[in-house]
Amino acid sequence: VAVDEESAGGRIVLRPERVWLGGRFIWDVAVEIDTQTGRIARVGAAAERPAGAVPVERLPRRALLPGFVNAHSHTFQRLIRGRTQWRPGSAPGADFWSWREAMYAAALALSPDAVHDVARFCFLEMLRAGYTSVGEFHYLHNAPDGSPYDEPNELALRVAAAAAEVGIRLRLLNVCYARGGIDRPLEVAQRRFATPDLDAFLARTAALRASLRDEPTAAVGVAPHSVRAVPRGWLRTLHEFAVEQDMPFHIHASEQPAEVEASVAAYGLRPMELLAREDALDARTTLVHATHVTPDEIALLGGAGAVVAACPTTERDLGDGILHAAALIGAGAAIAIGSDSQTVIAPLEEIRLLEYHERLRTLQRIVIATGEPGEPGEPRAADEPGAERRHVAPVLLAAGTRAGARSLRLPAGDLHAGALADLVAVDLDHEALAGADEDDDALAAALALSAPPDVVRDVWVHGRRVVRDRAHPLDQEATRAFRSVAARR
Ligand SMILES: [Zn+2]
């Protein structure tokens, strides 16, 4: 039933079959959203009548969940999907570092218009898969020859415009990138990323924040690229800036063994130890990847209450390694997800790989489950008296929603009054869920561990429905523009 949301005085009540609340599906719940503030006004019993004449939109055979949060993305890398899956016959092998050459070539070729067109298409693909917000780790700053644009934030603003056009919530994580390695200057191929002056970078980040001040669905964060790419002394200043400005602080860390070795060789410290020593590791910090960490580093991350942005579809594509997801959660860290290189854009696949990769490594099943310290959801009572069941799905769904919101510092990720009205509706008649939908726990598990991205039918961001029955008004235009950029490569 189509309801004109604008004509309803800014409020609408959604009445799906089930709602994901507190780590389980609950029936007969209504979610009232305020389309003017973009917030959830009320979550309550469906039988309660809302105050005033608020229109009710019934969503039969739909389950409503918080929208997924993409904590780590580089939109321009969508352009090289499918184009790096080969190696030269003469080379001994391909790895992260050879993939990076292809990625740099794509980065060097893009005009500001192309940056916009690729970002817009990529954001659209994210929305349709159920991501309602994205942390764009943005390091494409300069013109192709390496000189700054007249407007130094030109490309960041193009990305922000793309996000606003399609209606995804954006946290633009502005990246500081000063050198090619701990003891190496920037490479020629890295000239578009360069931010060689710390004060200029901070001023530019503050200016970007001011430019986006009136955008209800955009905000800024600060992100040293990695311990490789910024001088040690800058980490503390960048983190202090994030605290002052109340922004998220993100950094790539320990994605590859070579990066860890370089940090140990230069500083005598592994990356997490270095960040802790520089007072840059706390609950504001998101470590992207954190794949190659020792038990001591896991304890550091947990003690700090930091967030790890895992990007398992990218990590498997690039041969990065397997995240110690269960140990990190057990230590007190939160795990969020990111589509990173865009080799796959599917939040449900990212969350399930957290568990599936652990199974392959440990030769066990149900490695990440409810009932451990710091994990959401209670164990469920089983049929036998006194017995309980520890389920996987609530922890995985929390990684895709609540932990991502924490990483991007958004009041989202759970459905309650006052939270941002960023929602997805799942089709309970989808063939992938048939049979499992008879049981709420089985439904959650089928969704988290089995279902394809197209179970998501409708998407709301800031109280506004941006995807309806998997369609978006900009589908054709955005696809045409993206194809045209790809064809020119
Ligand atoms: Zn990345």
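Every number for a ligand or one of its atoms is a count from 1 in the order of the listing.
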Legend entry - Any donor-acceptor pair under 3.5 Å from R191 side chain to V188 backbone: yes

Inset, instruction - Anything under 30° is parallel, anything over 60° is perpendicular, the rest tilted; go ahead and classify H225 against Y139. - result: perpendicular

Inset, instruction - Answer yes or no as to whether an N/O/S atom of H74 is found below 2.8 Å from the Zn ion (ligand 1). - result: yes

Inset, instruction - Using modelled atom types only, decide if a donor and an acceptor are shared between the side chain of Q342 and the backbone of Q77 within a distance under 3.5 Å. - result: no

Inset, instruction - Angle at the Zn ion (ligand 1): provide the value between NE2 of H72 and NE2 of H252, rounding to 10 degrees. - result: 90°

Legend entry - N/O/S atom name from D340 that is nearest to the position of the Zn ion (ligand 1): OD1

Sequence neighbours excluded and cut-off under 3.5 Å, please list the side-chain donor-acceptor pairs for residues 477-485, or say none.
from	atom 1	to	atom 2	distance (Å)
E477	OE2	R120	NH1	3.2
T479	OG1	D475	O	2.6
S484	OG	R488	NH1	3.1

